Enquirer: 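Sharing a structure below in structure tokens format, with a few things to ask.
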Amino acid sequence: MIRVLLVDDQALVRSGFRIILESEPDIEVVGEAENGQVAVALASELRPDVICMDVEMPVLTGIEASRRILSADGGPGAASAPRPAILVLTTFGHEQYLFDALAAGVSGFLLKTARAEQLIDAVRSLAAGDALLGPDVTRAVIERVSAAPGSGPAPLHDAASEGSGDPAPITVPDAADAAMAAAGLTEREREVLALVAEGKSNAEIAAALFLGEATIKTHVSNLLQKLGVRDRIQAVVWAHTRS
């Protein structure tokens with residue numbers, strides 16, 4: 001079972017997340033917290049696998065709570081205990097939340113406008129040790145990297161607010177093909193990178209390419225090594241900054 005801790009100052013939001021997640025046979029919500037301070041205490045007590053964390057909360061923000069949870073030693077005898085994976089969920093659309101969250105060490109970031117199945121997939125991906133950022137969030141990273149010096153932070157694209165359904169896919173630009181070839185990426189690894197750039201999880205990529213999830217993990221690991229980058233988001237940035 002994947003043990004999940006829900007952190008949000010709105011009880012109705014927590015209830016909605018609980019209903020969505022506990023509809024799945026492999027996910028159990030083990031606790032709820034109404035602010036970051038309670039979240040820090042419950043994370044130590046309950047040892048969840050994944051924490052769904054809001055950003056704007058009273059007493060202690062989700063970003064600061066994430067920093068404390070991921071830097072805590074867990075107390076005596078807990079040195080070997082794994083840190084929980086933290087999935088930040090927010091309605092606030094400014095990219096600074098994203099970069100603050102990533103700096104705090106969180107493993108995933110989704111807007112609350114994401115679909116229920118995206119939340120479920122994200123929780124499973126993080127529990128499996130993957131990092132995951134939604135398509136809107138990936139776009140914000142790329143826009144920040146591509147922005148001219150001195151440009152201010154832009155709001156994250158919110159497809160729901162525009163009534164347009166899903167956001168348009170983010171694809172690796174054609175201009176990056178030569179750079180990917182020079183880096184030694186195989187054709188399959190390029191396909192995987194393009195899907196990573198759309199914010200897809202390993203499970204979604206596996207389904208799209210009709211491959212096993214373990215195979216996709218291997219491809220992702222190989223392409224990160226070849227590109228000399230730390231994680232999936234750096235790989236996407238790498239592709240979009242090559243001409």
Side-chain angles (χ1 to χ4, degrees), residues 1-92 97-98 100-134 137 199 201-204 213 217 231-233:
M1 294 290 288
I2 301 171
R3 295 165 51 82
V4 178
L5 172 63
L6 301 177
V7 185
D8 197 292
D9 61 333
Q10 298 183 49
L12 284 176
V13 172
R14 298 197 306 272
S15 296
F17 288 163
R18 177 183 283 273
I19 291 170
I20 290 170
L21 294 174
E22 290 195 331
S23 69
E24 300 300 309
D26 58 333
I27 299 176
E28 176 188 10
V29 175
V30 296
E32 298 183 18
E34 67 272 18
N35 61 60
Q37 187 175 70
V38 175
V40 173
L42 288 181
S44 177
E45 175 187 344
L46 300 175
R47 304 253 178 232
D49 301 305
V50 178
I51 300 175
C52 295
M53 182 79 73
D54 190 21
V55 174
E56 288 284 347
M57 293 183 292
V59 185
L60 191 69
T61 69
I63 302 299
E64 182 57 32
S66 297
R67 290 193 187 100
R68 296 186 188 185
I69 290 168
L70 295 173
S71 64
D73 62 16
S80 61
R83 299 285 188 269
I86 297 180
L87 174 66
V88 169
L89 289 152
T90 182
T91 56
F92 295 87
Y97 287 121
L98 162 64
D100 288 347
L102 294 178
V106 307
S107 300
F109 195 109
L110 285 177
L111 296 182
K112 288 181 180 176
T113 51
R115 299 186 304 273
E117 57 266 30
Q118 289 177 305
L119 172 60
I120 293 167
D121 286 344
V123 167
R124 287 178 175 148
S125 294
L126 267 62
D130 296 330
L132 182 131
L133 301 184
V137 179
S201 66
N202 284 349
E204 291 171 320
E213 192 169 347
K217 288 183 179 180
D231 55 34
R232 301 161 77 96
I233 292 302

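Worth saying up front: this structure is predicted, and the values here are computed from it rather than measured.
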Enquirer: Could you tell me which non-hydrogen atom of Met53 sits nearest to which non-hydrogen atom of Ala39, and how far apart they are?
Expert: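 Closest heavy-atom pair between Met53 and Ala39: CE-CB, 4.4 Å.
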
Enquirer: How long is the gap from CD1 on Ile20 to CD on Gln118, to the nearest 0.5 Å?
Expert: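 Going from the CD1 atom of Ile20 to the CD atom of Gln118 covers 11.0 Å.
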
Enquirer: Evaluate the side chain to side chain contact (heavy atoms under 4.5 Å, CB included) criterion for residues Leu89 and Leu110: first the C-alpha distance (whole Å), next the side-chain angles of each, then the deciding distance (0.1 Å), finally the verdict.
Expert: CA-CA 5 Å; Leu89 289 152; Leu110 285 177; 3.6 Å; yes

Enquirer: Give a yes or no on this: more than 12 heavy atoms of other residues, nucleotides or ligands lie within 6.0 Å of atom CD of Glu213.
Expert: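 More than 12 heavy atoms, drawn from other residues, nucleotides or ligands, come within 6.0 Å of this atom.
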
Enquirer: Say whether, by atom type as modelled, one donor and one acceptor occur between the side chain of Arg67 and the main chain of Ala104 under 3.5 angstrom.
Expert: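 Pair absent, no side-chain N/O of Arg67 close to backbone of Ala104.
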
Enquirer: Checking Asp9 side chain against Asn35 main chain: does a donor-acceptor pair fall under 3.5 Å?
Expert: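 No, because the side chain of Asp9 does not come within donor-acceptor range (under 3.5 Å) of the backbone of Asn35.
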
Enquirer: Can you tell me how far SG of Cys52 sits from NZ of Lys112, rounded to the nearest 0.5 angstrom?
Expert: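 If I round to the nearest 0.5 Å, the distance is 10.5 Å.
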
Enquirer: Can you list the residues that meet the side chain to side chain contact (heavy atoms under 4.5 Å, CB included) rule with Glu22, with sequence neighbours excluded?
Expert: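 Partners of Glu22 by the side chain to side chain contact (heavy atoms under 4.5 Å, CB included) criterion, ordered by chain and then number, come out as Arg18, Val29.
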
Enquirer: Output, in order, the C-alpha distance, side-chain angles, deciding distance and verdict of side chain to side chain contact (heavy atoms under 4.5 Å, CB included) for Ile63 and Val55.
Expert: CA-CA 6 Å; Ile63 302 299; Val55 174; 4.2 Å; yes

Enquirer: Yes or no on side chain to side chain contact (heavy atoms under 4.5 Å, CB included) for Val59 and Glu34, after CA distance, side-chain angles and deciding distance?
Expert: CA-CA 10 Å; Val59 185; Glu34 67 272 18; over 6 Å; no

Enquirer: As an exercise, state the distance from OG1 of Thr61 to CD of Glu56, rounded to the nearest 0.5 Å.
Expert: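 One finds 7.5 Å between OG1 of Thr61 and CD of Glu56.
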
Enquirer: Does the side chain of Leu119 reach to within under 4.5 Å of the side chain of Leu87, using non-hydrogen atoms?
Expert: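 The answer is yes, as the side chains (C-beta and beyond) meet within the 4.5 Å cut-off.
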
Enquirer: Quick one: pull up CG in Leu5 and CZ in Arg47 and give me the separation to the nearest 0.5 Å.
Expert: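 Here the interatomic distance stands at 12.5 Å.
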
Enquirer: If I compare all heavy atoms of Val30 with all of Leu46, which pair ends up nearest, and what's the gap?
Expert: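 Answer, listing the atom of Val30 first, then Leu46: O-CD1, 3.6 Å.
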
Enquirer: Rounded to the nearest 0.5 Å, how far does CD of Glu28 lie from CG of Leu21?
Expert: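 Going from the CG atom of Leu21 to the CD atom of Glu28 covers 11.5 Å.
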
Enquirer: Measuring only between side-chain heavy atoms, which start at C-beta, is Asp121 closer than 4.5 Å to Glu204?
Expert: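 Yes. Closest side-chain heavy atoms under 4.5 Å.
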
Enquirer: Not counting sequence neighbours, which residues clear side chain to side chain contact (heavy atoms under 4.5 Å, CB included) with Gln10? List them please.
Expert: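 With sequence neighbours excluded, Gln10 shows a side chain to side chain contact (heavy atoms under 4.5 Å, CB included) to Asp8, Val13, given in chain and number order.
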
Enquirer: Identify, with sequence neighbours excluded, every residue that meets side chain to side chain donor-acceptor pair (under 3.5 Å) alongside Asn202.
Expert: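 Counting only residues at least two positions away or on another chain, Asn202 forms a side chain to side chain donor-acceptor pair (under 3.5 Å) with Asp130, Arg232.
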
Enquirer: Measuring from Ile69:CD1 to Ile51:CD1, what's the distance to the nearest 0.5 Å?
Expert: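 Spacing of CD1 (Ile69) from CD1 (Ile51) equals 4.0 Å.
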
Enquirer: Is the backbone of Ala41 close enough, under 3.5 Å, to the side chain of Ser44 for a donor and an acceptor to pair up by distance?
Expert: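 Checking the backbone N and O of Ala41 against the side chain of Ser44, no donor-acceptor pair under 3.5 Å is found.
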
Enquirer: Minimum heavy-atom separation for Val50 to Ile2, with atom names?
Expert: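 Distance-wise, the nearest heavy atoms are CG2-CG2, 4.2 Å.
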
Enquirer: Under the side chain to side chain contact (heavy atoms under 4.5 Å, CB included) rule, what do Glu24 and Val123 come out as? Steps first, then yes or no, please.
Expert: CA-CA 11 Å; Glu24 300 300 309; Val123 167; over 6 Å; no

